[in-house]
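Notes follow the structure.
In what follows, every chain begins at residue 1, and chains take the letters A, B, ... in the order their sequences are listed. What you see below is based on every heavy atom in this structure, not just the backbone, and it leaves out hydrogens, waters and symmetry mates.
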Amino acid sequence: MSKDVFKKCFLPTLECGVAINKKNSINALPAQIDLPVMEAGILEYWTKNQVFEKSVENRNGAQRWSFYEGPPTANGKPGTHHIEARVFKDLFPRFQTMKGKQVIRKAGWDCHGLPVEIAVEKELGFTGKADIEKFGVAAFNEKCKESVQRHVTEFTDMTKRMGFWVDFDEAYWTMSPEYIESVWWSLQQIWNKGLLVQDHRVAPYCPRCGTGLSDHELAQGYETIKDPSVFVRFPATSGKLSELKASLLVWTTTPWTLVSNTAVAVNPKVEYQVIEITVDDKTERLVVAADLVGVLGEDRKVIATFMGKELEHTKYSKPFDLVEIENSHFVVLADYVTVEDGTGLVHQSPAFGADDLEVCRKYNLPVVNPINPDGHFKKEVALVGGVFFKEADKPLIKDLKSRNLLFKSLQFEHSYPHCWRCHTALMYYAQPSWYIKTTAIKQDLLRENSTTDWHPETIKTGRFGDWLNNNIDWAVSRNRYWGTPLPIWRCENNHEICVGSLAELGKLAGQELSKLDPHRPFVDDIKFNCQECQTQMQRIPEVIDCWYDSGAMPFAQWGYPHRAGSVEQFKAAYPADFICEAIDQTRGWFYTLMTIGTLVFDKSSYKTVLCLGHILDKDGRKMSKHLGNVLEPMPLMNQHGADAVRWYMLAAGSPWSARRVGHDAITDVVRKTLLTYWNTISFFTLYANAADFEVTEISSDLTLMDRWILSELNKLIAGVDLALENFDSQLAGSLLATFIDDLSNWYVRRSRRRFWDGDPVALNTLYFCLKNLTLLLAPMVPFISEHVWQSLIRVAQSNQPESVHLADFPISDAKRIDENLSASVSLSRRLVELGRSARAESGVKIRQPLSRALVSASGWEKISEEIKTHIADELNIQKLDGIHVAEADLVDVSVKANFRTLGTKFGAEVQDIAKAITEADHTLMVKHLRENKSFEINLKTASGKKVVSIDIDDLVVTETPRTGWSVASHAGESLALDLALTPELIQMGVVREVIRAVQEERKRIGLDISDRITVNWNAPEQIALAIIESEAEISSEVLATKMMRQSKQSNSDNELGLWLELIKS
RNA sequence: GGGCCUAUAGCUCAGCUUGGUUAGAGCGCUUCCCUGAUAAGGAAGAGGUCUGUGGUUCAAGUCCACAUAGGCCCA
């Protein structure tokens, strides 16, 4: 069907909400469906009727289920990974809404930060901060703002297309003045607690560009280079090491940092040895970790052994005397020191190493930095003054050698970060920076994490728990332009004040500032006098980490506490019942959200978190522009349909494990599940239309098949509900797919005749199943379920809600669940499979009736006559019997040990028992067991003879007739077909062939399923006799009012030699 | 370099919590069958060193250790 045709038959139904045909009965829906076209219509319907808005309003006064939208950074085009998170962010709010909760969904946009700045710099062709300053901060920030707005449009389009319901009109923007004010307020709270402080921080820094680099920039610029690696002697000058005349042996790959050497770190728990070696007749003593003495060569002697902690405060003579460093040069203890490479003694230069800085700070050691921000040693430094840091290695090594301090020098190949813009080797460089002292609230964070519900659970104590346990203070300031300005003003005498709102700032400055753009450079222009010393205060230059912005969204999205009504809005939604992002957010948003919540409110911002795995390309690699394997979301949805993509993300794999995405994979799941569902809908409408079906209560005279499918349906409702409560969309998906298969390929298949006959009970049962199935599918595949709701459910029941998404989630009726029936039907389906297998094996077509089959299976006795009829009918067999009716000596019995039961009973003896069972006379053993319930086995064991008793459950028994039968068996169940044919059976086979031929002809010439016909026919004599004899049966099957043999007509070339002509009567 | 996650059929994935002797599903492939849901459905077959190596156990895809590869985060 073409898309245009489809639109025609689809849209009118939607427009008026009722069927087009005048009887107000159900329309037959086409068997094919074009998902993308259908979805366009649904999107229109939702917008026009404000269905999303209504789904929220409908739950006014209901229990709140709070969802926080993690704002995407609008610094580029949305990718397929953005769909992934958004599918899950949509599913659970829809589900909870249907369950009766109110779920307010506020969109959000993360606007600030280096990623945006870099994108703009690229656009403008900038290479560094100097270009930005030249261009002007105001103009640059304006460009950033424009860039954000441009990309937000693309995100909005994608989000709407995929059916993610979120409120864009009320979206929060982290760059809006009221958002920034709210962030300021929270920073002031933290400031007031004394947890926002300025400190030195060692960060990767490009000396050429004059700027620090973010981690994400760092990751782009690793290059493999060769560096010198030197082992240097630091002679001890105090304590036992000095008495032993030993030198500390220190290893480093950055000799240039030795100029500012401040201390040597050892691990307190590692064993160190004083080793005496002799090289070229010179004997010396060196200190290295016991595990690393290998670096000293083979010829060595242990003089003394110390634990690292015993060496603390041992003084040594410093390697260079080029800069002044007071109260320093002794051994310090640090847990991070390892014995994996080097010597186990680590040179400390706090200006150039984050670990070094942290360790030295504990010992109150000074931070000395002999290098200018341009990467060159300060002019006044002897030997290397004015030299670029990387160039200083050579002269320094030469100098060490001349003073006999160099023990060994090698070349060392490793990957080292370079500036991704100019390829200059980066320095780790100490810069003043603002910190939030998160280490001070570490215990609170661990407490909050312990009550957080993580999915999957391993993250809680694993990745996230580890991260919290190793928590370091949050370096929150950035020396950049496009970000929330840090609201701290400082005077000449270093008095500082942290401002919490524009009103407060206005008061301080004595001017009306409520309309001030709080961004740079405007905010930098606000100056006022210090209240303590009256000198001028001006804002410090830094902006804050954009991760703080997004982590502040629980309150900042409402403009809390400044905006009117924000206090109530915040309280009603804090903490969130649900947040959901991919795993890379453990140290990102998951962390900042919990940390800011705990800092400001002493309570984490979320109760439950779903942590998704990443999606990968079809070859298992991550998607990146660099590799060119990115799947664009819009074309993906326009090709397969948003529902198809959604179903794939939700159901084809676990939410929390990484998954591959490719076109073929999506096509597969759609064909299998969504189209089967649609086909069943289409099948139903075909017969409901023909029968003028009307919905009624579930009838009391249900058939066994009806009771079975209703039992399965109620199990499904309970199962899907539980799975979705546990955020396990894969389980929900597989339960739904199994039910769709049960419904389509067993219930409908086995009940076809009832549908042909327009049986209202069957139609009503199927309708009830489809309606509930549609409700269950609605949160996962909102488009096709809405389409079915509009074109079937609301047509059949005009009193139903105007959208499936305004309906309530079904409630499972435990009274309708019948586990015994379920087990029986399940067995019957396995037996049918065996029967088909036996048919295929023997080459006797199913169209050829057979007289009898024998069944051997546990549970067979409990199977009702009605189910037996279904098996017989499906296999075209006249009579089914249990194997017990056969003469015992005609039956083969084979027996295998059931290890599961035997193993638990007998443990280690199980192998001997299994052997004894195999060797026993199976026929006798089974006979004995059936009569006496137990059977004794004589075992020969190492310790002598032993008798053990087994029962029938310890065996897997397979019984099969010995001769003249076609047998199929599996796992202890078997079915045997009696292949003997009689003339009567053969004639019945012929009749079936004829009926099939007529039906095929009916379809070929395009008759409607209810058209009555006259059949003109001819056939060879033997076939003709059979036809004449069974004329009544054939007529009724093919809706013939008359059957007339036309003996003059010649035989056709079909298998029977049958000639047919059908005339519509 | 460290931590965590993943590895099962040609492809996409279940199964592992709670070990049981013939490891499943769908798609794809081959050969058949069925025929008023028919561009659907069914059966059989080919296709698996359950990444590898050790260990625990009567028994390991499943539990443990190590290794390899990929992913994520951190250095």
Pairwise [atom1] distance, [M] and [N] [rounded to whole Å]:
{"N": "B:C27", "M": "B:C72", "atom1": "P", "answer": "32 Å"}
{"N": "B:U49", "M": "B:G2", "atom1": "P", "answer": "31 Å"}
{"N": "B:A37", "M": "B:G45", "atom1": "P", "answer": "28 Å"}
{"N": "B:A65", "M": "B:U18", "atom1": "C1'", "answer": "22 Å"}

Salt-bridge test for A:Glu1037 and A:Arg992: reply yes if a basic N is under 4.0 Å from a carboxylate O, no otherwise.
no
B:A69 - base-pair partner by Watson-Crick or wobble geometry, distances under 3.5 Å:
B:U6
Among [options], which nucleotide sits nearest the side chain of [X]?
{"X": "A:Val748", "options": "B:A37, B:C74, B:U35", "result": "B:A37"}
{"X": "A:Trp467", "options": "B:C74, B:A37, B:U35", "result": "B:C74"}
{"X": "A:Trp756", "options": "B:U12, B:A37, B:G20", "result": "B:A37"}

What nitrogen or oxygen pairs link the protein and nucleotides 55-61 of chain B at under 3.5 Å?
residue	atom	partner	partner atom	Å
B:C58	O2'	A:Gln911	NE2	3.0

Could you check whether the rings of A:Phe464 and A:Trp454 sit parallel, tilted or perpendicular, using 30° and 60° as the cut-offs?
tilted
Can you tabulate the close N/O pairs, meaning under 3.5 Å, that link protein atoms to atoms of nucleotides 3-6 of chain B?
residue	atom	partner	partner atom	Å
B:G3	O2'	A:Asp466	OD2	2.9
B:G3	N2	A:Arg463	NH2	3.1
B:C4	O2	A:Arg463	NH2	3.1

Just to be sure I understand the rule, does A:Tyr591 reach a base, reach only the sugar-phosphate, or reach nothing, if contact means heavy atoms closer than 4.0 Å?
nothing
Over all strands shown, is A:Thr680 touching base, sugar-phosphate only, or nothing at heavy-atom distances under 4.0 angstrom?
base
Please list, for nucleotides 15-17 of chain B, all pairs of protein and nucleotide N/O atoms separated by less than 3.5 Å.
none

Between A:Leu902 and A:Arg752, who's closer to the 5' end of RNA chain B by nearest nucleotide?
A:Leu902
